[in-house]
Amino acid sequence: MPATTKADLIAITERDYAKLRKVIDEIPEAQAMRKRDEETSIKDVIGHRAHWIDLFLGWYADGQAGRDVAFPAPGYKWNQLKAYNADLRARQADLGWDAARVRLADRHAALMAFMKAHDDQALYGGPMKGANNKWTAGRWAEATGPSHYRSAAKWIRACLRADAG
C-alpha cells in the first residue's frame, strides 16, 4: 500500500534503499557487468534506478515552474519505455560498477533531500503539477524511489540465485 504521509514515505524509502544496498554492496564488478536477459546487467539496473530519480526530480521542478512536463522523457511516450530503457543502457554503457553505485547513492540522497524539504501538503495534498494524472508528488517519489529499489533488489537476487545455481 502506498505511503500517505511524509514520515511513512521517508521510512519506506530508507528501508528499501538499505535492503537494496545490502544486496549490491558485495557484488563483484565482473558479476555486476555481465549482460543477462534483454542485454541488461546488474549495473544497468542500478544506473537505471538512479536515472529515474533524476527524471522524477525534473518532472517535479518543471511542473512547479509551469513548464511542460515530458513524461516519461523528452521524445518518448509511456508505451515506449522498452525503447527508452534500451537507449538509456546505451547512454550509460561506459558507466562502471563503482560509478553506478555512487550515482545511486547520490540520487538517493537527492530524493531524501526532496522528501525532507516538502511537507505532507506538498507531497500528498493533490496531484503533482504537470503530471496530467491524479498521482501526488509523494506517490511519484515512491514510484521512482522505494518501489524501484524493491523491484531492482528482486531482479538482482534472482540473478544471484541463477549465478549460484
- Message: Within the supplied structure, the quantity of interest is the number of heavy atoms (other residues, nucleotides, ligands) at a distance under 6.0 Å from N133 CG; does it exceed 12?
- Response: yes
N/O donor-acceptor pairs under 3.5 Å from side chains in residues 152-159, not counting sequence neighbours:
none

- Heavy-atom closest contact (E29 atom, W97 atom, distance): CA-CD1, 3.7 Å
- G47 to A100 - nearest heavy-atom pair and separation: N-CB, 4.5 Å
- Query: Tell me, which pairs form a side-chain hydrogen bond (donor to acceptor under 3.5 Å, both in side chains) where one or both residues lie in residues 72-81, sequence neighbours left out?
  - Reply: Y76-D87
- Message: Give me the atom names and distance for the closest heavy-atom approach of H51 to L88.
- Response: CD2-CD2, 3.6 Å
- Message: side-chain contact (heavy atoms from CB on, under 4.5 Å) for F114 and Y60? Distances and angles first, verdict last.
- Response: CA-CA 10 Å; F114 169 84; Y60 184 83; 3.4 Å; yes
- Note on the structure: One should read off an interatomic distance between T136 OG1 and Y124 OH, to the nearest 0.5 angstrom, of 5.5 Å
- On a heavy-atom basis, the closest approach of R101 and D25 is NH1-O, 3.2 Å
- Query: Are the aromatic ring centres of H48 and Y84 under 6.0 angstrom apart?
  - Reply: no
- Query: Tell me, which pairs form a salt bridge (charged side-chain N to carboxylate O under 4.0 Å, His left out) where one or both residues lie in residues 40-67, sequence neighbours left out?
  - Reply: K35-D44, D54-R107, D62-R67
- Query: Is the F71-W59 ring centre distance short of 6.0 angstrom?
  - Reply: yes
- Kindly compute the distance separating CD (E26) from CG (L160), expressed to the nearest 0.5 Å. 11.5 Å
- Task: Using ring pair (Phe, Tyr, Trp, His ring centres under 6.0 Å) as the criterion, list what pairs up with Y149, not counting sequence neighbours.
- Result: Y17, H108
- Below 4.0 angstrom, N of the basic side chain to O of the carboxylate: do R103 and D106 qualify? no
- Task: Could you note down all residue pairs passing salt bridge (charged side-chain N to carboxylate O under 4.0 Å, His left out) where residues 1-18 supplies at least one of them, sequence neighbours left out?
- Result: D16-R150
- Task: Find the distance between CG (L9) and CZ (R139) and round it off to the nearest 0.5 Å.
- Result: 10.0 Å
- Would you say the side chain of E142 lies within less than 4.5 Å of the side chain of S147, judging by non-hydrogen atoms? yes
- side-chain hydrogen bond (donor to acceptor under 3.5 Å, both in side chains) against R36, all qualifying residues, sequence neighbours excluded: D163
- L104 side chain reached by I24 side chain, heavy atoms, under 4.5 Å: yes
- Task: Report yes or no: do L95 and I53 belong to one cluster of Ile/Leu/Val/Met/Phe/Trp/Tyr joined by side chain heavy-atom distances under 4.5 Å?
- Result: no
- Query: With a cut-off of 6.0 Å (strictly less than), are more than 12 heavy atoms of other residues, nucleotides or ligands near CG of D37?
  - Reply: no
- Item | For the student: nearest non-hydrogen atoms of P146 and A141, plus distance | CD-O, 3.8 Å
- Message: Taking the side chain as everything from C-beta on, heavy atoms only, tell me whether W135 gets closer than 4.5 Å to M128.
- Response: no
- Q31 side, atom CD; R34 side, atom CZ - distance, nearest 0.5 Å: 6.0 Å
- Message: Please determine whether residues L81 and I46 belong to a single hydrophobic cluster, defined as Ile, Leu, Val, Met, Phe, Trp and Tyr linked transitively by side-chain heavy-atom distances below 4.5 Å.
- Response: yes
- Item | For T40 against V45, the heavy-atom pair lying closest together | CG2-CG2, 3.7 Å
